[in-house]
Amino acid sequence: MEAVDRLIHLLEQAAARGAELAVFPEMALTTFFPRWNLNDDAEIAGYYESQFPGPQTQLLCDAARKLKTGFALGYSESVEEGGRVRRFNTMALVGQDGELIGRYRKMHIPGSESPEEGTTVHLERRYFEPGNLGFPVFAYRGVRVGLALCNDRRWPETWRMLCLNGAQVVLVGYNTPVLLDEAPALAHLRMFHNHLPMQAGAYQNTVWIAASAKAGLEEGQALLGGSCIIAPSGEIASLASSVGDEVITHRADLDLIATCQRVNFDFARYRRPSEYALISERAGPLE
Ligand code: CDV
């Protein structure tokens, strides 16, 4: 599989730069097929992995073991659960030993189930159901790592839940088209709206974020790129500078998390979740 060769090559480059953990985009093994209104069941089924690692992705896991560099990888998952086939937009986390640590299933599935006239087709809801694994956090060499996929990054719930579950680092994979027909007035803000929620999410939840995008042309559609590594201070520590295959790295100082918590976000000391509900009850219903 050409995609796997490409990913192994990128993993080798990351390892050569000293990376201990890497993240690849959402649906990294295939094209972003939800841009198409597909009707051929065999063709659709061909986009999903029914096992992970499978014969091809095992090669990537073997490379991780050889390079001692774990990775997170977005892929389309098909699984038999409760006597039926279920399809999820999934990210797997693989350790330095090449073994699967755990997986996350995308919670916020955007777009629609059928093509709407006059809009760019984005049919993710036709091909995937929302994730059913919550926002899990995994131990990776003693660091607590959470995962998120694409549209998840725009929702404050994603960051807050991962933070409350103890994440120190969040790995994100995404596929964002440069143009969406339904929002021409917002077209110039595409990159701003990419980074804004991730920088705010990192800052307000004191986590490091590494976000990996597909970039450039895929089947004629321009994808945004803008892969980045964001510090718990909200600053972008490293940013992709091209729309080609590119590796960006940063040595994340995990002590910065405690510094940022001390300065403003000491949850145990200042956060008052039990009071938030009470206050809105006292205020009564809005007219
Ligand atoms: N793959 C995605 O989740 N894409 C969404 C939009 C553009 C449909 C995103 O939030 O980038």
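Keep in mind the model is a prediction, meaning the values are calculated, not measured. Whatever order the structure lists ligands and atoms in, that order sets their numbers, starting from 1.
- Among all heavy-atom pairs drawn from Phe88 and Phe128, the shortest one is C-CD2, 3.2 Å.
- Residue Glu26 has at least one heavy-atom neighbour below 4.0 Å for each of these atoms of ligand 1: 1 (N).
- Ring pair Tyr47/Phe33 is parallel by interplanar angle, where below 30° counts as parallel and above 60° as perpendicular.
- For atom 2 (C) of ligand 1, the choice among Pro34, Cys150, Gly111, Gly74 with the nearest heavy atom turns out to be Cys150.
- Close approach of ligand 1 to Glu124 (heavy-atom distance below 4.0 Å) involves ligand atoms 1 (N), 2 (C), 3 (O).
- If you look at His108 next to ligand 1, there are no close heavy atoms at all, none under 4.0 Å.
- Looking at His193 against ligand 1, nothing comes within 4.0 Å, counting heavy atoms.
- Salt bridge status for Glu77 with Lys106: absent, with no side-chain N to carboxylate O gap under 4.0 Å.
- A centroid separation of 6.0 Å or more is found between the aromatic rings of Phe24 and Tyr75.
- Atoms of ligand 1 lying under 4.0 Å from any heavy atom of Arg154, numbered from 1 in the order shown and given with element: 9 (C), 10 (O), 11 (O).
- Residue contacts with ligand 1 for Phe32 involve side-chain atoms from C-beta outward but no N, CA, C or O (heavy atoms, distance under 4.0 Å).
- Set against the non-hydrogen atoms of Lys106, the atoms of ligand 1 under 4.0 Å away are 1 (N), 2 (C), 3 (O).
- Taking all heavy atoms of Leu224, Leu223, Thr176 into account, the minimum distance to atom 11 (O) of ligand 1 is reached by Thr176.
- When atom types are taken as modelled, the side chain of Arg269 and the backbone of Arg262 share no donor-acceptor pair closer than 3.5 angstrom.
- Of the possible polar contacts, none joining the Trp159 side chain to the Ala202 backbone as a donor-acceptor pair under 3.5 Å is found.
- Of the N and O atoms on the side chains of Arg126 and Asn37, at least one donor lies less than 3.5 Å from an acceptor on the other residue.
- For ligand 1, the atoms lying closer than 4.0 Å to a non-hydrogen atom of Asn151 are 3 (O), 5 (C), 9 (C), 10 (O).
- Side-chain atoms of Tyr174 and Arg154 include no donor-acceptor pair closer than 3.5 Å.
- Counting heavy atoms under 4.0 Å from ligand 1, residue Arg190 touches it through the side chain alone.
- Ligand 1 places these atoms under 4.0 Å from at least one heavy atom of Asn175: 1 (N), 2 (C), 4 (N).
- Here the protein heavy atom with the shortest distance to atom 8 (C) of ligand 1 is His122 CE1, 3.2 Å.
- Remark: the Asn132 side chain and the Glu81 side chain contain an N/O donor-acceptor pair separated by less than 3.5 Å.
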